[in-house]
Structures are given as structure tokens and as C-alpha cells.
Amino acid sequence: MLRNKSPKELINISRNLVQPLLPHFHKGQSGKVTVIGGNEDYTGAPFFACHSAALVGADLSHVICERHAAPVIKSYSPDLMIHPYLYDLDNPAIKLAQAEIDQLRKTPLKDVITDGALLNSIIDDLVMPKVKGLLARTDIVVVGPGFGRDPLMMKSLVRIIDEIKQMDLPIILDADSLFLISIYPNIISGYKKAIITPNVVEFDRIAKTLGIDSSISEQNVNTLIEETQTMSKKLGVTVIRKGRQEVIAYQDTYLVNDFSGSSRRVGGQGDTLTGSLATFVNWSYNYLDKVWDTKGDISEGDAQVLACYAACSLVRSSAAKAFAKHGRAMQTTNVHECLPTAFAELFESNQKANI
Ligand SMILES: NC(=O)C1=CN([C@@H]2O[C@H](COP(=O)(O)OP(=O)(O)OC[C@H]3O[C@@H](n4cnc5c(N)ncnc54)[C@H](OP(=O)(O)O)[C@@H]3O)[C@@H](O)[C@H]2O)[C@@H](O)CC1
Ligand SMILES: Nc1ncnc2c1ncn2[C@@H]1O[C@H](COP(=O)(O)OP(=O)(O)OP(=O)(O)O)[C@@H](O)[C@H]1O
């Protein structure tokens with residue numbers, strides 16, 4: 001159904017996925033999103049992901065982060081709910097001897113995450129009870145923005161992703177969780193409700209692990225599509241390959257997004273994308289569940305890819321607007337300022353999208 005459609009037609013079809021604001025809906029029905037990420041070094045990334053999910057339309061937006069990052073992220077906005085449930089190896093509460101910590105830091109990360117019996121007991125005691133409680137009240141999860149690579153954090157991430165799969169929740173993986181996939185692809189392989197959003201470097205890293213021929217240099221679009229489809233088939237997940245031309249693929253279904261976007265490559269725009277995706281993809285599940293009087297006949301196979309296309313278009317449109325206004329000074333916060341206007345133009349104006 002999606003093949004050979006113009007960008008304008010795709011946006012017009014994707015309008016059917018936008019959950020309407022109906023008087024009988026209660027708080028939470030438009031989306032409960034949880035972003036898992038944020039450490040001492042990176043607090044902006046989880047904020048951008050969580051904030052964009054809220055700006056696009058999620059009712060409740062949470063972040064689960066490492067304990068030191070929480071007060072910082074909380075200080076950015078009172079609209080978001082920030083939970084300091086994660087621990088890194090520097091945290092005194094974990095009560096490991098210095099020699100054990102030193103040994104863990106020297107051990108290859110792959111061994112830590114596939115064995116890590118010592119860390120499992122810490123994670124069972126301190127991390128999982130609280131994380132499970134929040135996941136039970138969540139529709140969709142984003143993992144990875146600003147997560148870092150600390151061994152205890154990474155082992156916690158593996159346990160959390162396993163839990164998300166057991167709960168059958170949709171999951172979007174970005175940034176450090178893509179590094180995890182590059183060393184341990186089994187963590188996600190075959191999970192249909194997963195979407196990965198690699199940038200050029202992250203794609204190349206995962207491709208190497210999976211034995212896919214790829215290059216980070218500029219390529220023609222057919223090669224980009226072919227490689228992205230191969231990755232989707234090998235992992236059994238949806239792949240959004242970011243870059244000048246964004247390729248979205250699930251098995252044989254694919255779309256290419258070449259909305260112009262911004263000429264500024266400022267950090268954080270990928271985080272904005274993951275949050276926007278969370279809200280749109282959750283709405284696509286609600287569409288299939290007929291949570292409202294839905295229009296159109298978007299199939300299960302097409303809904304997720306179309307939701308991804310809608311979110312990618314929205315972020316690029318917002319970036320274009322922010323760049324037009326701020327030029328070289330453009331920051332990711334400016335992209336967020338433009339999300340509401342871009343959303344209204346693409347998905348809500350009475351005129352059909354003018355692209
Ligand atoms: N405000 C915050 O808190 C933010 C925090 N963030 C968080 O930071 C953490 C680490 O993320 P990251 O961005 O440093 O890692 P990654 O994307 O692998 O880049 C590393 C290097 O790869 C290269 N490179 C990248 N893209 C390329 C391309 N298209 N084409 C070619 N090369 C490319 C480039 O290397 P260079 O070419 O400069 O040597 C780049 O410097 C992670 O947790 C993330 O969530 C971010 O979300 C930003 C906002
Ligand atoms: N050359 C380009 N032209 C237009 N848009 C681009 C280009 N490269 C990336 N983008 C867009 O910028 C956004 C972020 O992509 P990017 O490759 O910077 O991700 P990232 O490195 O994961 O971001 P982050 O800094 O959040 O970690 C996406 O919407 C992507 O489509």
C-alpha cells in the first residue's frame with residue numbers, strides 16, 4: 001500500500017494515525033512513554049527524547065536515569081517525571097570492593113553483559129523492582145539516549161530490555177543501546193516490536209557485526225535501501241537509518257525520507273527523533289486497536305513503518321524551520337520550539353499537506 005506513494009500522499013495517509021483529542025479520553029490514553037538513559041555526563045539526550053514525546057502528544061513522559069543525572073534532568077522541566085533508578089559502578093550504594101570494581105572495568109563488556117553473576121544480584125535488589133513497577137505503567141520505551149557505557153549500567157540495560165520483551169512492549173533503541181547491539185545482537189534479534197535508529201557510524205558498527213557489507217561514505221539510495229533491508233531481515237526489527245536520506249525498513253517494506261531538514265548537524269536531533277517516534281508508534285498501535293473511530297485501512301504491516309515516516313518527517317520539518325529562524329546558531333532546543341508548528345502544518349491543517 002505504501003510503495004510508490006509521494007511524500008505528500010504518505011503524510012496524508014499518516015494523518016490517520018494521529019490520535020484525536022476526544023473529550024472521553026482520560027489521562028494516559030494518548031501515550032505513556034518511558035525513556036531510559038541519562039548519566040553524569042549526558043543529561044540533555046534523555047531530556048530531548050522525553051520532551052519531544054510530550055510535545056508531539058504523549059500524556060505522560062518519564063525518564064529512568066542514573067542517580068546523579070536525575071536532579072539535573074528534573075531541573076530542565078517540571079512537566080517530565082524523572083526517576084533515579086539506575087546505578088553505575090561509582091555509586092557507593094552498590095557495596096562492591098574496589099578490587100571487584102577494578103576487575104569489572106578491565107573485563108570486556110561482552111563478558112560482563114553475558115555473564116555478570118555478581119552484577120545480577122545488585123540489579124535484582126536495587127534496580128529491577130522499581131524499573132518493573134514503572135514499565136508496568138508504560139506503553140512504549142526508548143532506551144539509550146545518554147546512557148553511557150558503564151559495565152553495571154550496561155548489564156542493567158540488558159536486564160531491562162529482557163524485561164521489556166517479556167512484557168511485549170514496543171521499544172526504540174538509540175545511541176548507547178546501539179553500541180550494545182553491535183556487541184550482542186541477540187539482545188534484540190527477532191523482536192518485531194523493536195525499532196533501531198542508527199546514525200551513519202552506528203549503522204556501520206552493527207553492519208560489521210552482522211557481516212553486512214556497508215560503507216560510511218556517501219552512497220546511492222538503492223545501496224542504502226538494500227543494506228538497511230538486509231539489516232532489518234538479519235535482526236528481525238525495524239531499522240531507521242539516519243543520514244542525508246533516511247531509510248526506514250522492515251523486512252521488504254521500506255520508505256525513504258528526504259525532507260530537506262536542517263544544514264546544522266548539532267547534537268541532540270537524534271534524541272528528538274526517538275521521542276517523536278515513541279508517540280507516533282504508540283498511536284499506530286492504538287490505531288490498530290481501534291482506540292478511536294479510525295479512518296483508512298492501514299495494515300498492521302504498514303502502520304509501524306508509516307508512523308516512523310511521520311515522525312522522521314516531523315523532526316526534519318521542525319529542524320528546517322528552526323534553521324530558517326536561527327541559522328548557524330540553531331540548537332536542538334530550537335527544533336523543539338518548532339515541533340508544534342511543524343506538527344500542525346503536516347498533520348492538522350485543514351488543507352491537505354502542502355509538501
Ligand atoms: N546534549 C546531550 O546530552 C547529548 C548527548 N548525546 C549522547 O552522547 C553519547 C555519545 O553519543 P555521540 O553522539 O558522541 O556518539 P556518536 O553518534 O556515535 O558520534 C561519535 C562520533 O562519531 C562520528 N559521527 C557521528 N555521526 C556521524 C556521521 N553521520 N558521519 C560521520 N561520522 C559521524 C563523529 O566523529 P568525528 O567524525 O567527529 O571523529 C562523532 O563525534 C550518547 O549517550 C548520546 O546519547 C548525544 O545524543 C548528543 C546530545
Ligand atoms: N545530511 C543530513 N541532512 C538532513 N538531515 C540529516 C542529515 N543527517 C542527519 N539528519 C537528520 O538529523 C537527525 C539526527 O540525525 P543524526 O545522524 O545527527 O543522529 P544522531 O547522531 O543519533 O543524533 P544525536 O546527536 O541526537 O545523537 C535525524 O532526523 C536525521 O534524519
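Side chains included, hydrogens not; waters and symmetry mates left out as well; all remaining heavy atoms used. The shown structure was predicted, so the numbers you read here are calculated from the model rather than taken from an experiment. Indexing begins at 1, ligand by ligand and atom by atom, following the structure's order.
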Check: of N199, T332, V335, min heavy-atom distance to atom 21 (O) of ligand 2 comes from N199
- Query: Could a heavy atom of A45 be found less than 4.0 Å from some atom of ligand 2?
  - Reply: no
Any protein heavy atom at under 4.0 Å, with atom 38 (O) of ligand 1 as the reference point? no
Atom 20 (C) of ligand 1 within contact range, any protein heavy atom under 4.0 Å | no
Strictly less than 4.0 Å: does any protein heavy-atom distance to atom 43 (O) of ligand 1 fall in that range? yes
min-distance protein heavy atom vs atom 17 (O) of ligand 1 -> N199 ND2, 2.8 Å
Quiz prompt | Any protein heavy atom < 4.0 Å from atom 24 (N) of ligand 1 | solution = yes
Can you find a protein heavy atom closer to atom 3 (N) of ligand 2 than 4.0 Å? yes
*asked:* Are more than 12 heavy atoms, taken from residues, nucleotides or ligands other than D293, located less than 6.0 Å from that residue's CG atom?
replied: no
Does a salt bridge link R105 with D150, judged by any charged N lying under 4.0 Å from a carboxylate O? yes
Practice item. Look at atom 12 (P) of ligand 1 and say whether a protein heavy atom is found at less than 4.0 angstrom from it. Key: no
Can you check atom 15 (O) of ligand 1: any protein non-hydrogen atom closer than 4.0 Å? no
**Asked** Within a distance of under 4.0 Å, is there any protein heavy atom near atom 8 (N) of ligand 2?
**Response** yes
Any donor-acceptor N/O pair, D176 side chain to G148 backbone, under 3.5 Å
yes
Side chains of S52 and D271: donor-acceptor distance under 3.5 Å anywhere? no
* Residue-ligand contact G268/ligand 1, heavy atom below 4.0 Å -> yes
- Query: Looking only at atom types and distance, does a side-chain atom of Q331 sit under 3.5 Å from a main-chain N or O of T333, one as donor and one as acceptor?
  - Reply: no
Ranked by distance from atom 45 (O) of ligand 1, the top protein heavy atom is G146 N, 2.8 Å
closest protein heavy atom to atom 1 (N) of ligand 1 is G44 CA, 3.8 Å
Nearest non-hydrogen protein atom to atom 2 (C) of ligand 1, with distance, is A45 N, 3.4 Å
So, is R316 polar-close to ligand 2, with some N/O to N/O distance under 3.5 Å? yes
One finds that the ligand 2 atoms under 4.0 Å from a non-hydrogen atom of S260 are 4 (C)
Of all protein heavy atoms, the one nearest atom 32 (N) of ligand 1 is V201 CG2, 3.5 Å
Atoms of ligand 2 under 4.0 Å from any heavy atom of E246, numbered from 1 in the order shown, are 28 (C), 29 (O), 30 (C), 31 (O)
- Query: Applying a strict 4.0 Å limit to heavy atoms, is G268 in contact with ligand 2?
  - Reply: yes
One should read off an interatomic distance between Y285 OH and L17 CG, to the nearest 0.5 angstrom, of 12.5 Å
Q | Non-hydrogen protein atom less than 4.0 angstrom from atom 34 (C) of ligand 1 | A | no
Ranking Q269, R265, R244, K242 by closest non-hydrogen atom to atom 10 (N) of ligand 2, top hit is R265
Open item on the list: Closer than 4.0 Å and a protein heavy atom, does any atom meet both conditions relative to atom 47 (O) of ligand 1?
Closed with: yes
Atom 28 (C) of ligand 1: of D41, D271, V200, the nearest heavy atom sits on V200
So CG of L134 and OG1 of T34: to nearest 0.5 Å the spacing works out to 4.0 Å
Q: Answer yes or no: are there more than 12 heavy-atom neighbours, outside R149 itself, under 6.0 Å from its atom CZ?
A: yes
**Prompt:** How about D162 and Q166: does a side-chain donor come under 3.5 Å of a side-chain acceptor?
**Reply:** no
| message | Which label fits W283 and F280: parallel for a plane angle under 30°, tilted from 30 to 60°, or perpendicular past 60°? | response | perpendicular
Going by the 4.0 angstrom heavy-atom rule, the piece of A175 near ligand 1 is side chain
Of all protein heavy atoms, the one nearest atom 9 (C) of ligand 1 is Y42 CE1, 3.4 Å
Of all protein heavy atoms, the one nearest atom 18 (O) of ligand 2 is G270 N, 4.9 Å
Next on the checklist: So, 4.0 Å and heavy atoms of G267: is ligand 2 close enough to count as a contact?
Outcome noted: yes
Ligand 2 atoms nearer than 4.0 angstrom to some heavy atom of D271 are 26 (O)
